[in-house]
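Heavy atoms only: backbone and side chains are in, while hydrogens, waters and symmetry mates are out.
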Amino acid sequence: MLTIYTTNDCVFCTKAKVLLNDNKIEYLDVMLDTPDKKKDFKKRTGLKTVPQVYVSSTGHHIGGYEELEEYVKL
(Lines give C-alpha, C1' and ligand atoms only; values in the text may rest on other atoms or scores of the structure.)
Protein backbone atom coordinates (compact mmCIF):
# COMPACT_ATOMS: atom_id res chain seq x y z
CA MET A 1 0.00 0.00 0.00
CA LEU A 2 1.12 3.53 -0.77
CA THR A 3 0.40 6.89 0.82
CA ILE A 4 -0.03 9.80 -1.55
CA TYR A 5 -0.15 13.44 -0.50
CA THR A 6 -2.33 15.52 -2.83
CA THR A 7 -4.25 18.75 -3.26
CA ASN A 8 -7.62 19.34 -4.94
CA ASP A 9 -6.35 21.49 -7.80
CA CYS A 10 -3.36 19.39 -8.83
CA VAL A 11 -3.43 17.81 -12.30
CA PHE A 12 -0.52 15.49 -11.53
CA CYS A 13 -2.22 14.34 -8.32
CA THR A 14 -5.23 13.27 -10.37
CA LYS A 15 -2.98 11.54 -12.89
CA ALA A 16 -1.15 9.74 -10.08
CA LYS A 17 -4.41 8.42 -8.60
CA VAL A 18 -5.58 7.26 -12.05
CA LEU A 19 -2.24 5.47 -12.53
CA LEU A 20 -2.59 3.75 -9.16
CA ASN A 21 -6.21 2.79 -9.80
CA ASP A 22 -5.43 1.48 -13.30
CA ASN A 23 -2.69 -0.71 -11.84
CA LYS A 24 -4.87 -1.83 -8.91
CA ILE A 25 -2.42 -0.45 -6.34
CA GLU A 26 -4.02 0.37 -3.01
CA TYR A 27 -3.29 3.79 -1.59
CA LEU A 28 -4.23 6.19 1.15
CA ASP A 29 -4.93 9.68 -0.18
CA VAL A 30 -3.87 12.36 2.30
CA MET A 31 -5.50 15.55 1.10
CA LEU A 32 -3.60 18.72 1.93
CA ASP A 33 -6.74 20.81 1.77
CA THR A 34 -6.01 23.56 4.26
CA PRO A 35 -3.18 26.09 4.55
CA ASP A 36 -2.18 24.54 7.89
CA LYS A 37 -1.95 21.03 6.42
CA LYS A 38 0.18 22.31 3.53
CA LYS A 39 2.43 24.25 5.89
CA ASP A 40 2.86 21.25 8.21
CA PHE A 41 3.68 18.96 5.27
CA LYS A 42 6.31 21.37 3.94
CA LYS A 43 7.81 21.76 7.40
CA ARG A 44 7.98 17.98 8.04
CA THR A 45 9.29 16.97 4.63
CA GLY A 46 10.96 20.01 3.11
CA LEU A 47 8.98 19.26 -0.05
CA LYS A 48 6.96 21.94 -1.79
CA THR A 49 5.19 20.04 -4.57
CA VAL A 50 2.53 17.37 -4.81
CA PRO A 51 1.88 14.60 -5.38
CA GLN A 52 4.37 13.00 -3.05
CA VAL A 53 4.20 9.23 -2.74
CA TYR A 54 5.48 6.99 0.04
CA VAL A 55 5.48 3.26 0.73
CA SER A 56 3.12 3.06 3.70
CA SER A 57 4.80 0.17 5.51
CA THR A 58 8.35 1.54 5.43
CA GLY A 59 7.94 5.26 4.90
CA HIS A 60 10.22 5.02 1.84
CA HIS A 61 9.77 8.14 -0.31
CA ILE A 62 9.07 7.22 -3.94
CA GLY A 63 8.77 10.82 -5.13
CA GLY A 64 6.36 12.69 -7.37
CA TYR A 65 4.37 11.65 -10.41
CA GLU A 66 7.32 10.81 -12.70
CA GLU A 67 8.98 8.69 -10.02
CA LEU A 68 5.66 6.96 -9.39
CA GLU A 69 5.45 6.07 -13.09
CA GLU A 70 8.87 4.39 -12.83
CA TYR A 71 7.91 2.64 -9.57
CA VAL A 72 4.75 1.19 -11.14
CA LYS A 73 6.78 -0.21 -14.07
CA LEU A 74 8.87 -2.36 -11.69
Side-chain angles (χ1 to χ4, degrees):
M1 178 186 264
L2 300 178
T3 300
I4 181 171
Y5 290 85
T6 63
T7 60
N8 284 323
D9 57 348
C10 168
V11 173
F12 282 100
C13 297
T14 301
K15 289 177 69 170
K17 289 185 266 187
V18 168
L19 179 65
L20 293 170
N21 288 329
D22 287 352
N23 285 279
K24 297 178 177 38
I25 298 172
E26 289 186 44
Y27 63 93
L28 171 65
D29 183 7
V30 179
M31 184 66 62
L32 303 176
D33 55 359
T34 67
D36 285 342
K37 287 181 184 179
K38 291 175 186 177
K39 182 179 171 183
D40 180 59
F41 179 76
K42 288 177 186 179
K43 185 177 179 182
R44 283 186 297 110
T45 65
L47 301 168
K48 298 178 182 177
T49 61
V50 287
Q52 292 297 329
V53 185
Y54 295 82
V55 177
S56 300
S57 60
T58 64
H60 172 73
H61 182 233
I62 293 170
Y65 179 75
E66 291 179 1
E67 293 83 5
L68 178 61
E69 279 186 308
E70 292 301 314
Y71 178 85
V72 168
K73 288 180 186 177
L74 300 177

### Message
Using a 4.5 Å cut-off between side-chain heavy atoms of Ile, Leu, Val, Met, Phe, Trp and Tyr, which other residues end up in the same hydrophobic cluster as Leu47?
### Response
Tyr5, Leu28, Val30, Leu32, Phe41, Val50, Tyr54

## Note on the structure
The side-chain hydrogen bond (donor to acceptor under 3.5 Å, both in side chains) partner of Asp40 among Lys38, Lys43, Lys42, Arg44 is Arg44

### Message
With a 4.5 Å cut-off on side-chain heavy atoms, are Gln52 and Thr45 touching?
### Response
no

### Summary
Closest non-hydrogen contact found for Pro51 with Cys13 is N-SG, 3.6 Å

### Task
State whether the number of non-hydrogen atoms from other residues, nucleotides or ligands found under 6.0 Å of Lys37 atom NZ is greater than 12.
yes

### Query
Counting N and O atoms only, with roles assigned by atom type, does the side chain of Thr3 sit under 3.5 Å from a partner on the main chain of Ser56, one being a donor and the other an acceptor?
no

### Query
Less than 4.5 Å apart, any side-chain heavy atom of Leu2 and any of Leu68?
yes

### Query
Do Ile4 and Met31 share a hydrophobic cluster, counting only Ile, Leu, Val, Met, Phe, Trp and Tyr and linking them when any side-chain heavy atoms are less than 4.5 Å apart?
no

### Query
Do the side chains of Tyr27 and Val53 get nearer than 4.5 Å, heavy atoms only?
no

#### Entry: Straight-line distance of Glu69 CD to Asn23 CG, nearest 0.5 Å
10.5 Å

### Query
Quick one: does Glu67's side chain have a donor or acceptor within less than 3.5 Å of a partner on Gly64's backbone?
yes

